[in-house]
Amino acid sequence: MKKLIVFAFIGLLAQLIDGALGMAYGVTSTSLLLAFSISPAVASASVHLAEVVTTAASGASHIRFGNVDKKTVYRLIIPGSIGAFAGATFLSNIPGDLAKPYISLFLLGLGAYVLIRFLFNFRPSEEKKGIDLSKKQAIPLGLVAGFADATGGGGWGPIATPVLLSRKGMSARKVVGTVDTSEFAIAVSATLGFFISLGWEQVNWLWVGALMIGGIIAAPIAAWLVQKIHAQLMGVLVGGFIILVNARNLLTSWIDQASFYPYVYAAIIIIWIAAIVYTVSKIGGFKNNKKVKVNSIAD
C-alpha cells in the first residue's frame, strides 16, 4: 500500500513538472521506477501506459486553456509515433540488467541537459500566433524524440520542447501545451510496441493505476500553472532531481564501494543548491530590470 501511495505521488509530481515545462514526466517516473529495481523495459512500458491517460488529460487541459498549436501537433504525431514504436521494440529485446545502467546514463544526460538548458540558455520568449515548424523539420524531430522517449522512458519533452523553444519568438506557453498534447500519440505507439514485444503479463497494473491517478489529478493544475509559475526555476529543480536519482542507479550498478556514494551525492546536492540560488537571483534581477523599464517609460 505504501508503495502505491509513493507511485501515485510520483505520478502527481511528474505530471506537475511535465505540464508546466513540457518535459520530464517520463524521465522522472522512469528514473524512480528504476530506483525500485524494476527492469528498464517494464518501467518504460508502465510509464507509457500511464501516459496514455495522463497525456490525454494534460492535452485536454492545455487545449482548454488555449496553450496548443494544433497544426504543429498534427505534424509531430506521425513521425513521433513511428520513432516511439521502434524504440519500444528495440528496448524490449535488450536484457534488463544489461540495459539498466545505460538507460540511467542516458536519463542522467537528459537531466544534465535540462539543468544546463534552463540555468544558462533560458530566454523569455515573445508571443507568436503559432509555431513555425515545417513538415521537413517535424519529421526528424519527431523520429528522434519518439525513439529516445521509448528507449529512455522519457525524451519526447526534453528533446522536442527545447528545440521548439530555440526558435525565435516562440511562446513558452504554446510550446509546452503543444508538446504535451502531441505526447498522447507517442505514448499510445510506444505502449503498443512494448506489449507486442513484452506481453501484458509483465506490467503491474496497480503501479500503472497509481501513476495514472497522480497524473490525472495534476494535469489541470499543471496546465494552469504553466501560465503562472516561472519555468526557469522549475527546469533547474527537475534537472537536478533527475541527475541525483540516476546517479544513484549508476553508482549501485557500477561501483561496489558504498562508502564512496555519500561524497557523490553531496557534490551533486551542493551544485544543485548553487544552481537554484543562482536561478532565483537571476529571476529576481530580471523582474527588477523589467520594473525599471516600465517605470522609465511611464516617466
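Values reported hereafter were calculated over all heavy atoms of this structure, with side chains retained and with hydrogens, waters and symmetry mates removed.
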[X] side chain to [Y] backbone, donor-acceptor under 3.5 Å:
{"X": "Ser197", "Y": "Phe194", "answer": "no"}
{"X": "Thr55", "Y": "Glu51", "answer": "yes"}
{"X": "Tyr265", "Y": "Ala247", "answer": "no"}
{"X": "Trp156", "Y": "Ala150", "answer": "no"}

| field | Where Ala190 and His48 come nearest, the two heavy atoms and their spacing | value | CB-CD2, 3.5 Å
| task | Over all heavy atoms of both residues, which pair between Tyr278 and Ser281 is shortest? Give the atoms and the distance, please. | result | O-OG, 2.7 Å
To the nearest 0.5 angstrom, please state how far the [atom1] atom of [X] sits from the [atom2] atom of [Y].
{"X": "Leu76", "Y": "Ile186", "atom1": "CG", "atom2": "CD1", "value": "7.5 Å"}
{"X": "Thr54", "Y": "Asp180", "atom1": "OG1", "atom2": "CG", "value": "9.0 Å"}
{"X": "Ile63", "Y": "Thr178", "atom1": "CD1", "atom2": "OG1", "value": "9.5 Å"}
{"X": "Ile77", "Y": "Thr72", "atom1": "CD1", "atom2": "OG1", "value": "11.5 Å"}
{"X": "Leu119", "Y": "Thr279", "atom1": "CG", "atom2": "OG1", "value": "4.5 Å"}
{"X": "Ile78", "Y": "Ser189", "atom1": "CD1", "atom2": "OG", "value": "11.0 Å"}

| said: For a 4.5 angstrom cut-off between non-hydrogen side-chain atoms, does Ile255 reach Tyr261? | reply: yes
| Side chain to side chain, Ile196 and Thr89, heavy atoms closer than 4.5 Å | no
Check the hydrophobic clustering (I, L, V, M, F, W, Y; side-chain heavy atoms under 4.5 Å; chains of links allowed) and say if [X] and [Y] are grouped together.
{"X": "Leu206", "Y": "Val42", "value": "yes"}
{"X": "Ile139", "Y": "Phe147", "value": "no"}
{"X": "Ile268", "Y": "Ile116", "value": "yes"}
{"X": "Leu251", "Y": "Ile243", "value": "yes"}
{"X": "Ile273", "Y": "Val236", "value": "yes"}

| field | Mutual orientation of the aromatic rings belonging to Trp205 and Phe195 [parallel < 30°, tilted 30-60°, perpendicular > 60°] | value | parallel
| note | Those residues at least two apart in sequence (or on a different chain) that pass side chain to side chain contact (heavy atoms under 4.5 Å, CB included) with Val53 are Met212, Ile216
